[in-house]
Amino acid sequence: MAQVALSPSVLEWARERAGVPMDALAKRFKKYSYWREGKGGPTFQQLESLANTLNIPVGMMFLPEPPVEKLPLPDFRRMADSEAYRPSTELIDTIHTCQRRQQWYREHLASAGAEVLEFVGSAEREKSPVVIANKIRATLDLAVCNRTASSDEFLRNFIGQSRDAGILVMINGVVGNNTRRPLNPREFRGFAIPDPFAPLVFINGADTKAGQIFTLAHELAHIWLGKGGISNSSADDLPETIAPDRDIERLCNAVAAELLVPIADLRGSNLPEDIDLAKSKIANNFRVSTLVALRRLKDIGRLSYVDFRAAYDFELSYLKEFAKKKSGGGDFYATMGARVDPRFATAVISAALEGQALMGEAFDLLDLKNSKTFHEEARRLGVTS
């Protein structure tokens, strides 16, 4: 059978890019080590299977040498070894999926005569976290304190209010619907892509609920500032842990903390003298993580920088040690409502049913595999009965 000549360096680049161990790949493709040495090549069928295994388009396998892959969004993450860092295929594929969805929805809204969203980039020159947080809170009509809802409920409401304001919110812990490709919250917690018609926020659903709440608040700050990018920030904004554009990330962190736990309300509350009790009270009343609570105790002067650093490190170790493992499974269609913004899904399905978009395009945008799931999602969203 006809064999395909491939560059050995491209083969090895594709394997490393996908993070597949050499032994595992050689076990599945018996002649891989020979291909890697330039001794023959795979058949077209083997090539398709290899590309699928390495999560890479078949066309890229024909390149004469490995390409230099760049992230399609500005990178605001904290990376201790940024020079050696290679973005995962999961992160890259997730960004590309969201960009395709945003572009489609933007064109859909613009062609329908939708008005631009004035809040996108409206705080571009604003430096006060309090002012920016107040603007976001007013637009979303976000409740401030003594939130009686659970963290899950508050997160759902927070997402719903953001979507009602016109922001596309996607939340997922895997690539598309592929549970074999999880997203690592240590690599990124979320990203924001500002747009006057269809601003988009993505939240890593593999993170904790409290972490997702903070990420949403953080990414909303990016939307209001009009500066999109990939984030990996949490409650702390320590100078030595934020790079490369520390000013933007520090401001977005400060806005997120103020949005979730307003300093004025915090100072007016009757906090216990004991730091652990005060931390717990803030976390419970405002539905934030204990890490955010510690940061706000530092902000109001209850903790020095040194004490905050020690308490934060201890709390982080505690949470990592006792964190509960996320349960898998669940109802596909209920999960779909979080992974894909319902307004976006409704628009795509309606366009496909009305012949304004191809079914194949709709399947791709919604990451659906067949007509059955398409029509079930249409029914669930109320597009069809």
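Taking the side chain as every heavy atom from C-beta outward, V292 and F286 never approach each other to under 4.5 Å. Under the 4.5 Å side-chain criterion, counting only non-hydrogen atoms from C-beta, I248 is in contact with H222. In this structure the side chain of F363 never reaches within 4.5 angstrom of the side chain of K369, judged on heavy atoms. Residues R296 and R267 fail the side-chain proximity criterion, which asks for heavy atoms closer than 4.5 Å. A 4.5 Å side-chain heavy-atom check between Q99 and I193 finds at least one atom pair inside the cut-off. Using a 4.5 Å heavy-atom cutoff, the side chains of T94 and T97 are not in contact. Using a 4.5 Å heavy-atom cutoff, the side chains of K39 and S33 are not in contact. You'll find the side chain of S7 stays beyond 4.5 Å of the side chain of P64, heavy atoms only.
No side-chain donor-acceptor contact under 3.5 Å links E315 to the backbone of L291. Judged by distance alone, with hydrogens and angles left aside, the side-chain atoms of R287 form no donor-acceptor pair with the main-chain N or O of D152 at under 3.5 Å. A donor-acceptor contact shorter than 3.5 Å is absent between the side chain of D307 and the backbone of L303. One N or O on the side chain of E187 and one on the backbone of S88 form a donor-acceptor pair closer than 3.5 Å. Side-chain atoms of D341 do not come within 3.5 Å of backbone N or O of R163 as any donor-acceptor pair. A donor-acceptor pair is defined here as one N or O able to donate and one able to accept, closer than 3.5 Å; no such pair exists between the side chain of E249 and the backbone of S231. At distances below 3.5 Å, at least one donor-acceptor pair connects side-chain atoms of T373 with backbone N or O atoms of N370.
Cluster annotation: I300 is connected to I275 through the hydrophobic network of ILVMFWY side chains, with a link wherever side-chain heavy atoms come within less than 4.5 Å. In this structure, M359 is a member of the same hydrophobic cluster as V340, with clusters built from ILVMFWY side-chain heavy atoms closer than 4.5 Å. Clustering ILVMFWY residues whenever any of their side-chain heavy atoms sit less than 4.5 angstrom apart, transitively, puts V261 in a cluster other than the one holding V130. In the hydrophobic clustering of ILVMFWY residues, with side-chain heavy atoms under 4.5 Å counting as a link, V174 and V20 come out apart. A continuous path of hydrophobic side-chain contacts links V383 to V348 [ILVMFWY only; heavy atoms under 4.5 Å].
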Apply salt bridge (charged side-chain N to carboxylate O under 4.0 Å, His left out) to residues D364 and R100 and explain how you reach the verdict. CA-CA 10 Å; D364 179 60; R100 288 198 306 273; 3.6 Å; yes

Please report the C-alpha distance between Q103 and E107 in whole Å, then the side-chain angles of each, then the deciding distance to 0.1 Å, and finally whether the side chain to side chain donor-acceptor pair (under 3.5 Å) criterion is met. CA-CA 6 Å; Q103 181 63 28; E107 293 174 358; 2.6 Å; yes

For I56 and L50, run side chain to side chain contact (heavy atoms under 4.5 Å, CB included): C-alpha distance rounded to whole Å, both residues' side-chain angles, the deciding distance at 0.1 Å, then the answer. CA-CA 9 Å; I56 189 172; L50 177 63; over 6 Å; no

Test side chain to side chain contact (heavy atoms under 4.5 Å, CB included) on N270 and K281; report intermediate values, then the result. CA-CA 10 Å; N270 186 22; K281 183 174 181 178; 4.3 Å; yes

Take R181 and D93 through the test salt bridge (charged side-chain N to carboxylate O under 4.0 Å, His left out) and record every step on the way to the result. CA-CA 10 Å; R181 301 185 66 193; D93 290 349; 2.8 Å; yes

Could you go through the side chain to side chain contact (heavy atoms under 4.5 Å, CB included) check for D195 and L200 one step at a time? CA-CA 8 Å; D195 182 90; L200 184 146; over 6 Å; no

T384 and I349: side chain to side chain contact (heavy atoms under 4.5 Å, CB included), yes or no, with the steps? CA-CA 10 Å; T384 60; I349 290 172; 5.9 Å; no

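Rounding to the nearest 0.5 Å places CG of N55 at 7.0 Å from CG of N178. In this structure, the separation between CG on L155 and OG1 on T215 is 10.0 Å, given to the nearest 0.5 Å. Of the inter-residue distances, the one linking D207 atom CG with Q212 atom CD reads 6.0 Å to the nearest 0.5 angstrom. Separating the NZ atom in K209 from the OG atom in S289 is a distance of 14.0 Å, to the nearest 0.5 Å. Here the CD1-CZ distance, from I132 to F119, works out to 14.5 Å after rounding to the nearest 0.5 Å. In this structure, OG on S162 lies 10.5 Å from CG on N157, to the nearest 0.5 angstrom.
Residue L117 comes nearest to A165 through the heavy atom pair CD2-O, 3.8 Å, listed as atom of the first residue, atom of the second, then distance. Minimum interatomic distance between P194 and V120 (heavy atoms only, all atoms of both residues): CB-CG1, 4.0 Å. The shortest heavy-atom contact between V288 and I282 is CG2-O, 4.1 Å. Annotation for A362 and F374: closest pair CB-CE1, 4.1 Å, computed over non-hydrogen atoms. Between L71 and D75, the closest heavy-atom pair is CD1-OD2, 3.6 Å. Minimum heavy-atom separation, Q161 to D141: NE2-O, 2.8 Å.
S49 and N52 share no side-chain donor-acceptor pair at under 3.5 Å. The closest side-chain donor-acceptor pair between R137 and N134 falls under 3.5 angstrom.
A perpendicular orientation is assigned to the rings of F344 and Y105, their planes being inclined by more than 60° (bins at 30° and 60°). Using a 30° and 60° split on the angle between ring planes, Y312 and F308 fall in the tilted class, from 30° to 60°. Using bins of under 30°, 30° to 60° and over 60° for the plane-to-plane angle, the ring pair F188/F202 lands in the parallel bin.
R156 and E153 are not joined by a salt bridge, as no carboxylate oxygen comes within less than 4.0 angstrom of a charged side-chain nitrogen. By the 4.0 Å N-to-carboxylate-O rule, D23 lies too far from K27 to be salt-bridged with it. A salt bridge is absent between K135 and E126: the closest approach of a Lys/Arg side-chain nitrogen to an acidic carboxylate oxygen does not fall below 4.0 angstrom.
Applying the ring pair (Phe, Tyr, Trp, His ring centres under 6.0 Å) test to F158 and every residue at least two apart in sequence or in another chain returns F154.
Within 6.0 Å of CZ on F62 lie more than 12 heavy atoms contributed by other residues, nucleotides or ligands. E115 CD: 12 or fewer foreign heavy atoms inside a 6.0 Å radius.
Checked against R379 for a side-chain hydrogen bond (donor to acceptor under 3.5 Å, both in side chains), the options E376, E377, H375 give a single hit: E376.
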